[in-house]
Amino acid sequence: MIPPTQLGWRHAGPPPGPAPEPAGPVEQCPPSQETLERVYEYVVARPLGGELDGAAAAGLLGLSPAEFGAAVDQLTAWGLLRTGPDQELVPVSPDVTVSRLLGPLEREIRARRLQIEEQRRRLMAFLPLFEAGRSARRGGHQVELLESLDEVRAVIAELVEQSTTEILTAQPGGGRREDVLQEAAPRDIATLRKGVEMRILYQHTARYSRGTSSYVEQVTRLGAQVRTLDDQFMRLLVFDRQAALIPVPDNPNAAALVRDPHVVAFMVESYERLWLAADPLVVDAETQAEITDDLKEAIVRLLSEGMTDAAVARRLGMSVRTCRRHVAEIMAALDAESRFQAGYLLALQNHVS
């Protein structure tokens, strides 16, 4: 630290005589920004030339001589003050100081950025090799069997993250499980917020699931479209019309990842036909009543075709108990003695309507 007497200012010192015994080290707090600005402003405003009386200046500024001296030392260290030819304090423009002090740091940052870009370029050069190797492992990116639920979930998460335009979802079977929805909701919300379009297809029975309704409310608020059908359809996920996931027979935890563009295009076309036939999921009393009527008609139609209660329930995505309750209500309302008669009477009723 430069002694104050070399900076063109002075202050009253102790009277001459023997030096007092040291009282131990006294820690000096660094000057505050406000103090530094006041001292700098004072030096800038005073006339050039002449020795500066530190004690007088400190008194004018409401500072102790020690505080004033610490501020001068700090400003000098930063380059905002310098010693003139006559040992006076000379203020220096902050522009000059910034260029002198921060110029080297800015040059170092630019050099680091160039290093980062160069390293990124070198690492990304390996990406084509990785994609080619993965393509070879997956048989040319055509079809890959995912044999475990963990593997399926990992691939779904990866494909969702990579999607940039559209995700098509067909989820039969009625209301979805709570654990599945809790896993899917944050991921789907983040996907919608980054601008990816999402269409979801359920069966009518999903409308009566509280958890599914809550999930639908969240995603539709962000732009997702949701519709329902009365009949069964294939479970399907399509990502950017480039990759699709379909179920594997006899293994509910497995899935097939399809990347063949012709097969994926066929799946998308099938999905579009289902979508056109489906009803928008709008939760209100009138729509719910209409969907209930559609379900009852589907139940009677399938029963009159000779399907068992269990088969009808599986086809429409509901429990066998719920299906049997609907059958009893339909037969009582139509005063039908058999399921075949119920189907006939319901068809006649719709024709008259």
Side-chain angles (χ1 to χ4, degrees), residues 144 146-248 251-259 263-284 287-288 291 317-318:
E144 178 185 3
L146 310 175
E147 299 184 358
S148 70
L149 187 58
D150 289 341
E151 190 176 7
V152 172
R153 287 176 172 173
V155 169
I156 290 175
E158 179 184 357
L159 291 173
V160 169
E161 178 66 25
Q162 294 174 353
S163 296
T164 58
T165 57
E166 180 187 56
I167 297 176
L168 307 178
T169 303
Q171 296 283 0
R176 302 176 69 188
R177 298 202 322 267
E178 291 290 337
D179 61 324
V180 175
L181 292 173
Q182 289 175 1
E183 177 190 2
R187 181 180 64 222
D188 294 347
I189 289 172
T191 302
L192 288 164
R193 283 178 174 164
K194 71 178 184 179
V196 177
E197 296 182 1
M198 186 175 294
R199 284 190 280 166
I200 305 170
L201 190 62
Y202 292 135
Q203 288 183 270
H204 283 340
T205 47
R207 294 172 179 260
Y208 312 112
S209 165
R210 184 173 303 176
T212 303
S213 297
S214 175
Y215 164 81
V216 169
E217 183 180 1
Q218 294 180 69
V219 297
T220 52
R221 194 183 305 126
L222 295 173
Q225 300 180 62
V226 184
R227 295 187 179 185
T228 62
L229 273 173
D230 63 343
D231 210 343
Q232 192 178 30
F233 46 83
M234 183 182 71
R235 190 178 306 276
L236 177 66
L237 291 170
V238 182
F239 304 90
D240 285 348
R241 306 198 175 202
Q242 296 179 356
L245 279 170
I246 57 175
V248 173
N251 188 348
N253 295 326
L257 174 59
V258 181
R259 295 184 183 271
V263 178
V264 173
F266 174 79
M267 293 178 180
V268 171
E269 178 65 23
S270 301
Y271 186 93
E272 295 291 357
R273 292 180 181 276
L274 292 172
W275 186 259
L276 290 174
D279 297 311
L281 201 167
V282 180
V283 181
D284 58 55
T287 303
Q288 293 285 11
I291 296 302
M318 65 177 67

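Numbering starts at 1 and runs along the sequence shown.
Here the closest heavy-atom approach between residue A206 and residue S213 is recorded as O-OG, 4.4 Å. Across every non-hydrogen atom of D279 and R207, the tightest pair is O-NH2, 3.3 Å. Looking at every heavy atom in both residues, A255 comes nearest to L245 through CB-CD2, 4.2 Å. When all heavy atoms of Y215 and Y202 are compared, the pair lying nearest together is CE2-OH, 3.4 Å. Across all non-hydrogen atoms, the minimal contact from L257 to A243 is CD1-CB, 4.3 Å. L236 and A244 get closest at one heavy-atom pair: CD1-CB, 4.3 Å.
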Decide yes or no on side chain to side chain contact (heavy atoms under 4.5 Å, CB included) for R259 and V264, but give the supporting numbers first.
CA-CA 7 Å; R259 295 184 183 271; V264 173; 5.8 Å; no
Apply the test side chain to side chain contact (heavy atoms under 4.5 Å, CB included) to residues N253 and V152: give CA-CA distance (whole Å), side-chain angles for both, the deciding distance (0.1 Å), then the verdict.
CA-CA 8 Å; N253 295 326; V152 172; over 6 Å; no
Check against side chain to side chain contact (heavy atoms under 4.5 Å, CB included), L149 and R153
CA-CA 6 Å; L149 187 58; R153 287 176 172 173; 3.8 Å; yes
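With contacts defined as side-chain heavy-atom distances shorter than 4.5 Å, the pair T220/Q225 does not qualify. Residues P247 and M234 have side chains in contact (heavy-atom distance under 4.5 Å, counting atoms from C-beta outward). A 4.5 Å side-chain heavy-atom check between R227 and W275 finds at least one atom pair inside the cut-off. Using a 4.5 Å cut-off on side-chain heavy atoms (C-beta onward), Q203 and L229 make no contact.
For the pair Y271 (side chain) and T169 (backbone), a donor-acceptor distance under 3.5 Å is present.
Remark: D188 CG to I167 CD1 distance equals 7.0 Å, nearest 0.5 Å. With rounding to the nearest 0.5 Å, the separation of CD in E217 from CG in L281 is 11.0 Å. Between L274 atom CG and L168 atom CG the span is 11.0 Å, to the nearest 0.5 Å.
In the model, R235 has a side-chain atom that pairs as donor or acceptor with a side-chain atom of Q171 under 3.5 Å.
Partners of S270 under the side-chain contact (heavy atoms from CB on, under 4.5 Å) rule, at least two apart in sequence or in another chain, are F266. Every side chain to side chain donor-acceptor pair (under 3.5 Å) that T165 has, sequence neighbours left out, goes to D240.
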In a table with atom names and distances, give each donor-acceptor pair under 3.5 Å that connects a side chain of residues 189-201 to protein atoms at least two apart or in another chain.
residue : atom : partner : partner atom : Å
T191    : OG1  : R187    : O            : 2.8
K194    : NZ   : E161    : O            : 2.9
K194    : NZ   : S163    : O            : 3.3
R199    : NH1  : E272    : OE1          : 3.1
R199    : NH2  : E166    : OE2          : 3.3
R199    : NH2  : E272    : OE2          : 2.7

